[in-house]
Amino acid sequence: MLKIPEHQVAGHHASNGTLGPLIDDSGRFYKPLQGDERGSAEAAFYKQFSSNTQIPDHIRKFFPIFYGTQVMTASDGSEHPHIVLQDLTSSRLNPTIMDIKIGSRTFGHEASDAYIAKCLKRDRETTSLQLGFRISGLQVYINDESGFYKPPRDDVLKSGLDDVRCLFRRFVSSNPAPAAVPQELEADAALASNVYGGTEGILAQLLELKAWFEDQTMYHFCACSLLFVFEKRLALEGVSQNAQVKIIDFAHVTEGKGVIDHNFLGGLCSLIKFISEVLGDCEEHKTDQEGDS
Ligand SMILES: Nc1ncnc2c1ncn2[C@@H]1O[C@H](COP(=O)(O)OP(=O)(O)OP(=O)(O)O)[C@@H](O)[C@H]1O
Ligand SMILES: O=P(O)(O)O[C@@H]1[C@H](O)[C@H](O)[C@@H](OP(=O)(O)O)[C@H](OP(=O)(O)O)[C@H]1O
């Protein structure tokens, strides 16, 4: 049976009868093609990418599996073409998720002047221009009673540099406290080492992706997002291979034409530096506490 995804953190939603993604019980995610050229561009990217023999397996694993396109009844009741993808959260019970749009520039050079103006404004208003990435949305599992910490989209987009640092701490906290809390209840970032660190953690995966971006000149991944997903229970149990990095949203991918994707690569380097610092602070703090006790 098709339903509206419970764990979507950004993008167009299928609520109140509007057009948005659906999922089924077999682990598939159905993304409706957006009406203009964005939808057909994303479908064309998935088709080309899935048959591109130059993509190494250790890089392909960062992309959702593509199952083709399908015309079906959409969330708004219309018959509509959808891109059929692997549902990246179906194997998780209570996924903690963050969507980070990469690049200081979120438009391709061949976009219309009106679209460029819209994106430039948004890139300036958010951390995109300054940091080379912006958080588009997140949810952090608290517990069965309280559910998820899921700040409203507009609040997330308004985040400045310090707020972004705070959100990266909350993302890996056992107590992702709401905004106005006393200092002593500040998010503890207790899961940072497990989720960000280690040989299987998010940083290691980002570095693997970066090595490919330092070389590949086939595509420019404009306005794509990285999706971080992990299960808090497994992180608390210390299970490695729990956190996953995926790359999604390919409506604005263009041909690389032999040139490095410096917009994505720059954003990725900045994100790596940012998360490394958060991890470093958390580990330093832990060492200080151990020293005190
Ligand atoms: N394959 C997937 N499996 C599970 N969830 C997904 C998948 N792809 C996307 N999502 C969820 O949907 C959200 C939006 O995805 P996506 O960016 O592809 O949509 P969009 O409507 O094109 O977004 P935007 O408006 O930012 O361009 C993501 O933040 C994520 O929560
Ligand atoms: O990241 P934000 O700040 O949430 O802003 C959205 C983001 O830039 C999307 O990439 C864009 O869709 P496209 O990439 O598909 O253009 C969407 O435009 P839209 O609302 O006009 O669809 C914006 O609202």
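First listed ligand is number 1; within each ligand, the first listed atom is number 1.
- The pair E42-K31 counts as a salt bridge, with a side-chain nitrogen and a carboxylate oxygen less than 4.0 angstrom apart.
- Side-chain atoms of Y30 and D24 include a donor-acceptor pair closer than 3.5 Å.
- Shown in contact with K101 at under 4.0 Å from a heavy atom are these atoms of ligand 1, numbered in order with element: 26 (O).
- Contact annotation: for I248 versus ligand 1, heavy atoms closer than 4.0 Å belong to the side chain alone.
- Of all the atoms in ligand 1, the ones that sit under 4.0 Å from a non-hydrogen atom of D99 are 28 (C), 29 (O).
- Of all the atoms in ligand 1, the ones that sit under 4.0 Å from a non-hydrogen atom of D87 are 3 (N), 4 (C).
- Residue contact check: Q86 has heavy atoms under 4.0 Å from atoms 1 (N), 2 (C), 3 (N) of ligand 1.
- Checking each of R233, K232, E231, R92 against N242 for a side-chain hydrogen bond (donor to acceptor under 3.5 Å, both in side chains) leaves exactly one that passes, namely R92.
- With no hydrogens or angles considered, no side-chain donor-acceptor pair links D249 and S225 at under 3.5 Å.
- Residue I97 places every heavy atom at 4.0 Å or more from ligand 1.
- In terms of N/O distances under 3.5 Å, ligand 1 is approached by V9.
- Taking every heavy atom of K31 and a limit of under 4.0 angstrom, the matching atoms of ligand 1 come to 16 (P), 18 (O), 19 (O), 20 (P), 22 (O).
- Between K61 and E208 there is a salt bridge, since at least one side-chain N of the basic residue sits less than 4.0 Å from a carboxylate O of the acidic one.
- A donor and an acceptor atom, one from each side chain of Q139 and H7, are located under 3.5 Å apart.
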